[in-house]
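Worksheet for the structure shown next.
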Protein chains: 2
Amino acid sequence: MARTREFNEDAVLRAAMHVFRRDGYDGASVRALEAATGLKSGSIYNSYGDKQGLFDAAIDHYGRAVLQARVDRHAPPEAGLDGLRALFVSVLHERDGETLGCLVTNTAVETGGGQAPHAAVPAAFALLETLFEERLRREAERGRLAGHVEPALAATRLLALYQGVLVLVRARQDRGALARMLEREFDDLKAPL
Amino acid sequence: MARTREFNEDAVLRAAMHVFRRDGYDGASVRALEAATGLKSGSIYNSYGDKQGLFDAAIDHYGRAVLQARVDRHAPPEAGLDGLRALFVSVLHERDGETLGCLVTNTAVETGGGQAPHAAVPAAFALLETLFEERLRREAERGRLAGHVEPALAATRLLALYQGVLVLVRARQDRGALARMLEREFDDLKAPL
DNA sequence: CTCATTCTTGATTGCTCATTCTAGAATGTA
DNA sequence: TACATTCTAGAATGAGCAATCAAGAATGAG
């Protein structure tokens, strides 16, 4: 019947996501999105409706292909506290010179002033907080968690700490100091041997 | 010789700061700044050179009139850990419905992608981290700090936690849970009685 | 009181933006 | 091959933006 869509959707979303992480929603011009994705504006509007539609698809892609993938890779259920630590440390490793931070964190801050936050933001926060709490409870059951740690409160604290690290990374704060801080943080969560 | 400037600079900067906190640098239009400050665009350009000049003045004002004032009020040197706790809790109390967050945090995230961060950002981070470390050392000398706490690492952790709380507040995360988390955090820093 | 100086005002300028639209190219089916 | 359909291309549109400018109002030193 008709001509088939030519572009690779994953590659397009990955490229768009990159631009939105770097420049923010407002700062990302459709021309920059064209250049990054290889699509012409006509195709972008044809495929995603408008710039917001492309952003929605990109932040959804971020949740699945970056955030969830990072969790699965570094912090699967059996990896315990070391897995959580690896998850935190992984956000310190961005490609050279890049300070993209996290699309969710950046979006929370950029669009937090007036309107309600983008739905992906509380969703991602809940995903992380639930993950932290579940892993902490699991460790507690196995006697690997320091006695004074209460999983629900510690999960909220880890969520805030995670967002804070992403702010500091975005502003080029010294990553070595952040890495040492995280090492200590997770040592303190562990039950003494 | 000549006519004197008529407007109250503090009031102008306070109003401009409010707009920049709410809408970000890009999101704040000169028209919105006119409406908030009561100045006409000609006066803004005459007084501050350009929008960036007004922003520079506003973030400087923020550092002195909001951040430093908040520190002096809640966490003077003799106030110890309870002072630091009060400082953290104070960022949870914004006027009704407002989710302005912190101009420094918001700026760090908004302008962190490509160019170097605004000079006020690392300056404010250093101010806070130094403050935290100094207060922790002071408490340690008085035997009021839990034994396992290392002031330099804990100061970095508190800086990240502070930024993270400001991200979560900006995205309307539940403030009660954040308050409980902070209570516990500072309890854990205290030496057991 | 005078007038040089500086401030205020608001229309204007030129630019960039998101979005639309038209024309044409590519595709798969029949 | 011919056609119906969908994609691509890029010029065009209109709105909103930061910044400029010219004209007039206010000021205070002399």
Side-chain angles (χ1 to χ4, degrees), chain A residues 1-61 103 106-107 110-111 113-115 118, chain B residues 1-61 103 106-107 110-111 113-115 118:
Chain A
M1 303 265 284
R3 185 175 173 182
T4 52
R5 191 172 281 184
E6 287 181 1
F7 62 84
N8 174 327
E9 177 142 41
D10 264 16
V12 164
L13 292 181
R14 202 174 328 122
M17 184 184 78
H18 188 276
V19 175
F20 283 126
R21 282 175 78 183
R22 190 187 57 209
D23 299 337
Y25 178 78
D26 262 338
S29 71
V30 172
R31 296 184 64 167
L33 292 165
E34 285 186 86
T37 60
L39 263 52
K40 298 292 176 176
S41 69
S43 298
I44 290 177
Y45 284 91
N46 187 53
S47 301
Y48 298 99
D50 56 13
K51 181 181 166 183
Q52 184 67 52
L54 176 58
F55 180 84
D56 292 346
I59 199 170
D60 186 65
H61 182 80
L103 185 55
N106 299 356
T107 301
E110 180 178 1
T111 67
Q115 66 273 32
H118 193 285
Chain B
M1 301 268 284
R3 184 176 177 180
T4 52
R5 191 172 282 183
E6 286 180 4
F7 62 83
N8 175 328
E9 177 143 40
D10 263 16
V12 164
L13 291 181
R14 203 174 329 120
M17 185 182 78
H18 188 279
V19 175
F20 283 127
R21 282 174 79 181
R22 190 188 56 211
D23 299 336
Y25 178 80
D26 262 338
S29 71
V30 172
R31 296 185 64 165
L33 291 165
E34 285 186 86
T37 60
L39 264 51
K40 300 292 178 175
S41 69
S43 298
I44 291 178
Y45 284 93
N46 187 53
S47 302
Y48 298 99
D50 57 12
K51 182 180 166 183
Q52 183 67 52
L54 176 57
F55 181 84
D56 292 345
I59 198 169
D60 186 63
H61 183 80
L103 185 54
N106 298 357
T107 302
E110 180 178 1
T111 65
Q115 68 274 35
H118 193 286

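The model shown is predicted, which means the values in this text are computed figures rather than measured ones. Sequence lines set the chain letters: A, B, ... in the order given, protein chains first and strands last, and positions in each chain run from 1.
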How many Å lie between [atom1] on [X] and [atom2] on [N], as a whole number?
X        : N       : atom1 : atom2 : answer
Lys51(A) : dT16(C) : NZ    : C1'   : 12 Å
Glu9(B)  : dC7(C)  : CD    : P     : 12 Å
Asp50(B) : dC17(D) : CG    : P     : 17 Å
Arg31(A) : dT16(C) : CZ    : P     : 8 Å
Tyr48(B) : dC7(C)  : OH    : P     : 12 Å
Phe20(B) : dA18(D) : CZ    : C1'   : 12 Å
Leu54(B) : dA19(D) : CG    : C1'   : 14 Å
Asn46(A) : dG10(D) : CG    : P     : 16 Å

Nucleotide N/O of nucleotides 9-12 of chain C paired with protein N/O under 3.5 Å:
| from | atom 1 | to | atom 2 | distance (Å) |
| --- | --- | --- | --- | --- |
| dG10(C) | OP2 | Lys40(B) | NZ | 3.1 |

Verify, without hydrogens or angle tests, whether [X] (side chain) and [Y] (backbone) share a donor-acceptor contact under 3.5 angstrom.
X         : Y         : answer
Lys51(A)  : Tyr25(A)  : yes
Glu110(A) : Asn106(B) : no
Glu34(A)  : Ser41(A)  : yes
Ser47(A)  : Ser43(A)  : yes

Item checked: Inter-residue atom distance His61(A).NE2 - Asp56(A).CG, 0.5 Å rounding -> 14.5 Å

When you compare the protein's N or O atoms with those of nucleotides 13-15 of chain C, which come within less than 3.5 Å of each other, and at what distance?
none

Quick one: does [X]'s side chain get under 4.5 Å of [Y]'s, heavy atoms only?
X        : Y        : value
Leu33(B) : Phe20(B) : yes
Ile44(B) : Val12(B) : no
His18(B) : Arg14(B) : no

Next item on the list: Could you walk me through whether Tyr45(A) and Leu54(A) pass the side chain to side chain contact (heavy atoms under 4.5 Å, CB included) test, one step at a time?
Entry: CA-CA 9 Å; Tyr45(A) 284 91; Leu54(A) 176 58; over 6 Å; no

Notebook entry, point to check: Watson-Crick or G-U wobble partner for dT27(D), using a 3.5 Å limit on both distances?
Noted result: dA4(C)

Notebook entry, point to check: If you look at every strand shown and take non-hydrogen atoms under 4.0 Å, does Ala28(A) touch a base, only sugar-phosphate, or nothing?
Noted result: sugar-phosphate

Next item on the list: Could you work out which one of dC17(D), dC7(C), dA19(D) sits closest to the side chain of Ser29(B)?
Entry: dC17(D)

